[in-house]
Number of protein chains: 2
Amino acid sequence: MKLTEAKSEFIQSWGVLGSQWGINRTMAQLHAVLLVANEAMSTDELMEELQVSRGNVNMNIRELMDWGLVTKHIVPGERKEFFSADKDIWRVATKIMYQRKKRELDPMVEVLNRLSEVEGDKRDKDVKAFTDTVNDIRKFAGHAEKTLTVVIKAEENWFWGSFMKMFK
Amino acid sequence: MKLTEAKSEFIQSWGVLGSQWGINRTMAQLHAVLLVANEAMSTDELMEELQVSRGNVNMNIRELMDWGLVTKHIVPGERKEFFSADKDIWRVATKIMYQRKKRELDPMVEVLNRLSEVEGDKRDKDVKAFTDTVNDIRKFAGHAEKTLTVVIKAEENWFWGSFMKMFK
DNA sequence: CCGAACTTTCAAAAATAATTGAAAATATAA
DNA sequence: TTATATTTTCAATTATTTTTGAAAGTTCGG
C-alpha cells in the first residue's frame, strides 16, 4: 500500500471514529492529518489536504488547541502560523478523557446530586425506583470519576507512573 | 424537589449525555425513562411520557434491545408489549462498553493493522512519521482492547469478580 | 377466516449540525 | 503610517440526522 493511500484511509477512519464519539468529522480529520504529519503544517496546507474551507480549519484547529491536542508554532521569518499534534498517544488519550470528564461526567454528577434529594415517601414505589436508580448511578459515577482521575494523573505519580509505562 | 420534576430533569440530562456520545436523544431518553420506572412500560406510555411518535419509540426501543439494555415482556391477557431496562448499572456500563468496542474499536484496529504495512523506505521522514504513529496507536488500542475485555468479563471471573464488587 | 389490536416500515418533513466564503479584524514589515 | 498578509467571525447555505405519520404488515381471539 502506498503512503498517500494509507494516509487518506487513516484520516478517513479517524474521522468516522470521531463522529461516533460526538466530535465533528473535520476536527477529527485535522487531528489525524497532524498525527501522521512529519512536521508542523499551515492552515493552507490543511485546507489543501482535506479540501475544506479556511473558516472550517480555523474553528476546528482552535477547538483542538482547546483540548490540548494541538499546538501553534510561530516560525521566525514566516508570517503564517503552523500547527502540530502531540504524538504521545497515551497523553492524547488522557487529554481526551480529561476533557470529556470535565464536560460530560462532571455536569451529570452535579445533576445526580441534586436529584437524589427528591421529596416523598420512600415507601412509594415510584419514588423508590427513582432514588434507587439515581443513587446507583451516582455511586458508579463516583467510582468512574476517581478511577479517571487516577489514570489521568498517573504520570505524575511515582508508583502508577511506572506501572502505566507498561501501556506505552 | 418533586418526583415529576426530578424525573424529567434526569431524562433531560441523560438525553444530553447520550447525544454527546453519539447516541440519539430519543434513544437515551427512552433508556432514562425505563431506568427510573418502577415497572415495565408500553409503547403508548413511552410516547406519552416523551411526547414523540410511535415510529420513533419503536425504532429506538429496538436499538436499545440490540444493545442489550432493554427487554421486551409479554403480559398474559395483554395484547401490548411492555419494556423494561436492566437497572444494574455495572451491567449497563459493560454492555455499552461491549457494543462500542465491537462497533468502533474493533474496526479501527482492523484498519490500523492493514495500514502498518505501508510500503516505502523506512528512512523517508514521511513514511516514518506515518508508521510510527500508526504503530503507537495500534499498540495502545491493543492494550485498551485487552483491558476492556477483562473488565467486561470480570464478573465471570472469580478473582476479578470479587474485586469488581467494590465498584458496585 | 375475519377483523380488531397492535407493531413495523419508510418516504417525506423537520430539526440540527457543519461548512462556506467573504467581510471585518488583526498583525507585520517596510 | 500604510499596504499587505494572515486570521477570525458569522450569517447564509448545505449536509446530515432525526422524527413523523400513515400505510402495510403481523398477531391473535373468536
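By convention in this document, chain letters (A, B, ...) are assigned in the order of the sequence lines, proteins followed by strands, and residues within each chain are numbered from 1.
A:I61 is listed as a side-chain neighbour of A:L30, based on a closest heavy-atom distance under 4.5 Å. Between A:K128 and A:D121 the shortest side-chain heavy-atom distance does not fall below 4.5 Å.
At the heavy-atom level, A:N24 lies under 4.0 Å from the strands shown only through sugar-phosphate atoms.
Salt bridge A:D136/B:K87: absent, no basic N to carboxylate O contact under 4.0 Å.
In this structure, B:R114 contributes its side chain and A:M1 its backbone to no donor-acceptor pair below 3.5 Å.
Shortest non-hydrogen contact noted between A:K125 and B:N38 is O-CB, 3.6 Å. Closest approach of A:D86 to A:D88, counting heavy atoms only: OD1-N, 3.0 Å.
Mapping A:E81 and A:R25 onto DNA chain D via the closest heavy atom, the residue that lands nearer the 5' end is A:E81. Taking the nucleotide of DNA chain C with the nearest heavy atom to each of A:I23 and A:G77, the more 5' of the two is matched to A:I23.
Summarising the geometry, the separation between CD on B:Q20 and P on D:dT17 is reported as 18 Å, rounded to the nearest angstrom. Spacing between atom CZ of B:R79 and atom P of D:dT26 amounts to 15 Å, rounded to whole angstrom units. Between the C1' atom of D:dG29 and the NZ atom of B:K80 lies a distance of 17 Å, rounded to the nearest Å. A straight line from CG of B:L46 to C1' of D:dT19 spans 16 Å, rounded to a whole angstrom. Atom CG of B:N60 is separated from atom P of D:dT18 by 9 Å (rounded to the nearest Å).
Put simply, A:T43 has no side-chain N or O that comes within less than 4.0 Å of OP1 or OP2 on D:dT6.
Atom-to-atom distance recorded for A:M41:CE and A:S84:OG is 11.5 Å, nearest 0.5 angstrom.
By the 30° and 60° cut-offs, the orientation of the rings of A:F10 relative to B:F130 is perpendicular.
The neighbour count for A:Q99 CD, taken as heavy atoms of other residues, nucleotides or ligands under 6.0 Å away, is above 12.
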Polar atom pairs between nucleotides 20-23 of chain D and protein, under 3.5 Å, N or O only, would you list them?
from, atom 1, to, atom 2, distance (Å)
D:dT20, OP2, B:S53, N, 2.6
D:dT20, OP2, B:S53, OG, 3.0
D:dT20, OP2, B:N56, ND2, 3.1

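Between chain A and DNA chain C, the heavy-atom contact criterion of under 4.0 Å yields a 5' to 3' nucleotide range of C:dA18 to C:dT28.
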